[in-house]
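Working notes, structure below.
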Amino acid sequence: MTNEPKGISADSIAPWLEKHVEGFEAFQAIEKITAGQSNPTYRIDAKSGRYVLRAKPPGDLLKSAHQVDREYRVISALTDTDVPVPKVYALSPDGDESPIGRQFYIMEFKEGRIFWDPLVPETKSNEERAAIYDAMNATLAALHSVDVEAVGLSDYGKPGSYFSRQFSRWTKQYRASETDTIEAMDRLIAWLDENEPEDDGHVSLVHGDYRLDNMMFAPDRPQVIALLDWELSTLGHPFADLAYQCMQWRLPHQGGFKGLGGIDRVSHGLPSEEDYVARYCERRGIARPDNWNYYIAFSFFRLAAILQGVYRRALDGNAANPERGKQMGRAVPLLAQLAVQSLSEDARS
């Protein structure tokens, strides 16, 4: 076979697919899907249809990163809930026992729309654009309403304060991948450490990277048909997902971010951050969150730490898209500055 992705041989993977994926028949081709910076993703064509293979990246990886087995587990658990997810078929072993030398899983290939620009220029009207954002809001509320014990995920995260655990994890990973001293990042880390709110006991399944381009919409209507990229999912605090989503309202609409900062959102039919949070809370029947600036600042910090890791992998030659990884890494100082700015202002407009 020609044009095989590096490190994946059709001769080795085709027999595995026929053995472990129900109904799989007659492997035809495999092609890398270039979007994304985390776990490399590939489309597989076969006589029996199209599939998606999602794998660990090659090379040395940071501890606790790229656990595709966790992705497989959480998607499987959500199959019969109100959270839209693709069907998953099989999980491979890791290491030498895997036909590609690293762990991967197979899921269904869905046909739909992914919106890479939060202004959603593909839409025909402000009403449709507003409906897309409302569907995204409803999906988030559905995710945080899942009974984790009922779906077998009560042990999917560690006990104790989610923000304390996450702050410790991402501080360590940021330091492990740090390439230069960023004064704003050091200031942010110190502020977060000193201002962590008390644990209020709220626990839900959290996606960890909840944003518009990590979900697929139906081809012909504003309905979410698949929530994707579960690499960072765990049990945690629902306001972490909500604040991470709302961070997009503050990111610039240029460079690699494509946020909503500086955009006249009313003229585009987009909800304000205030209204988006209020609608989410209404759907879940909860009060508006206190300590909102902390949650927003934490979201900036966490994204900056993630992008620093992507940047380091790009420098080491292990990123899914090295050039894109280097570009994203250069944005870390801007994220740190925006986070520091958020500490003393209320930008929920």
Side-chain angles (χ1 to χ4, degrees), residues 74 78 81-84 115 118 130-148 153 156-157 161-167 169-170 192 195-215 224 227-251 257-261 265 270-306 335 338-339 342-343 345-349:
V74 71
L78 292 172
T81 70
D82 292 334
V83 182
F115 301 117
I132 286 170
Y133 270 73
D134 193 59
M136 181 166 55
N137 186 291
T139 300
L140 185 61
L143 171 63
H144 294 160
S145 299
V146 168
D147 184 333
V148 293
L153 293 175
Y156 194 64
S161 170
Y162 170 78
F163 287 103
S164 179
R165 296 198 318 269
Q166 287 284 298
F167 176 73
R169 172 190 177 184
W170 290 110
L192 290 170
N195 291 275
E196 180 185 320
E198 291 187 11
D199 184 17
D200 59 11
H202 290 180
V203 177
S204 72
L205 179 62
V206 294
H207 180 271
D209 196 12
Y210 197 85
R211 61 179 196 262
L212 182 64
D213 57 312
N214 269 339
M215 56 193 70
V224 181
L227 183 53
L228 306 170
D229 198 354
W230 292 87
E231 179 189 350
L232 299 174
S233 62
T234 186
L235 295 187
H237 202 294
F239 293 161
D241 268 348
L242 181 63
Y244 185 83
Q245 166 77 88
C246 290
M247 179 178 60
Q248 187 172 60
W249 273 251
R250 301 159 187 251
L251 291 171
F257 288 116
K258 292 293 184 182
L260 294 172
R265 294 184 280 280
L270 301 178
S272 67
E273 181 182 318
E274 181 80 29
D275 289 343
Y276 191 87
V277 172
R279 185 71 179 102
Y280 165 88
C281 292
E282 179 185 348
R283 281 190 160 109
R284 295 203 59 222
I286 60 175
R288 181 179 175 81
D290 295 324
N291 304 304
W292 187 243
N293 281 5
Y294 176 90
Y295 301 133
I296 289 290
F298 178 85
S299 297
F300 275 115
F301 157 71
R302 183 169 164 276
L303 178 59
I306 291 170
L335 288 172
L338 289 171
S342 75
L343 302 181
E345 69 177 26
D346 190 350
R348 296 173 300 181
S349 60

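Just so you know, these numbers use all the heavy atoms, side chains as well, and skip hydrogens, waters and symmetry mates. Numbering of residues begins at 1 and proceeds along the displayed sequence. Everything numeric in this text was worked out from a predicted model, so none of it was measured.
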Can you find a heavy atom in the side chain of Ile306 that is under 4.5 Å from one in the side chain of Trp170? yes

Could you tell me which residues satisfy side-chain contact (heavy atoms from CB on, under 4.5 Å) with Asp199, sequence neighbours excluded, listed by chain and number? Ser161

Residues in side chain to side chain donor-acceptor pair (under 3.5 Å) contact with Ser299, at least two apart in sequence or another chain: none

Got Arg265 and Glu273 here, is their nearest side-chain heavy-atom distance under 4.5 Å? no

Reported CG-to-CZ distance for the pair Leu343 and Phe300, which is rounded to 0.5 angstrom: 10.0 Å

Residues that Phe163 engages under ring pair (Phe, Tyr, Trp, His ring centres under 6.0 Å), provided they are two or more places apart: His237, Tyr294, Tyr295, Phe298

Do Asn293 and Ser342 have side chains that get closer than 4.5 Å, going by heavy atoms? no

Contacts of Glu282 meeting side chain to side chain donor-acceptor pair (under 3.5 Å) (sequence neighbours excluded), chain-then-number -> none

Taking the inter-plane angle between the rings of Phe167 and Phe301 on a 0 to 90° scale, is it parallel (under 30°), tilted (30 to 60°) or perpendicular (over 60°)? tilted

Please name all residues satisfying side-chain contact (heavy atoms from CB on, under 4.5 Å) with Ala135, sequence neighbours left out, ordered by chain then number. Phe217, Val224

My understanding is that only residues two or more places apart in sequence, or in another chain, count here; which of them pass side chain to side chain donor-acceptor pair (under 3.5 Å) with Tyr276? Gln245

4.5 Å side-chain heavy-atom contact, Val277 and Trp249: no

Within 6.0 Å of CG in Asp82, more than 12 heavy atoms from elsewhere: no

Between Asp209 (side chain) and Trp230 (backbone), is there a donor-acceptor pair under 3.5 Å? no

Set of side-chain contact (heavy atoms from CB on, under 4.5 Å) partners for Ala304, sequence neighbours left out: Met185, Val332, Leu335

Nearest heavy-atom neighbours spanning Asn214 and Leu227: O-CD1, 3.6 Å

Would you say Arg165's side chain and Gly236's backbone share a donor-acceptor pair under 3.5 angstrom? no

Do Thr234 and Tyr162 have side-chain atoms, one donor and one acceptor, less than 3.5 Å apart? no

Contacts of Asp213 meeting side chain to side chain donor-acceptor pair (under 3.5 Å) (sequence neighbours excluded), chain-then-number -> Arg211

In chain order, what residues pass the ring pair (Phe, Tyr, Trp, His ring centres under 6.0 Å) check against Tyr244, with sequence neighbours excluded? none

With sequence neighbours left out, the residues meeting side-chain contact (heavy atoms from CB on, under 4.5 Å) with Ser145 are Arg284

Residues 130-141 vs salt bridge (charged side-chain N to carboxylate O under 4.0 Å, His left out), sequence neighbours excluded, gives Asp134-Arg279, Asp134-Arg283

Does Asp241 reach the main-chain N or O of His207 with its side chain, forming a donor-acceptor pair under 3.5 Å? yes

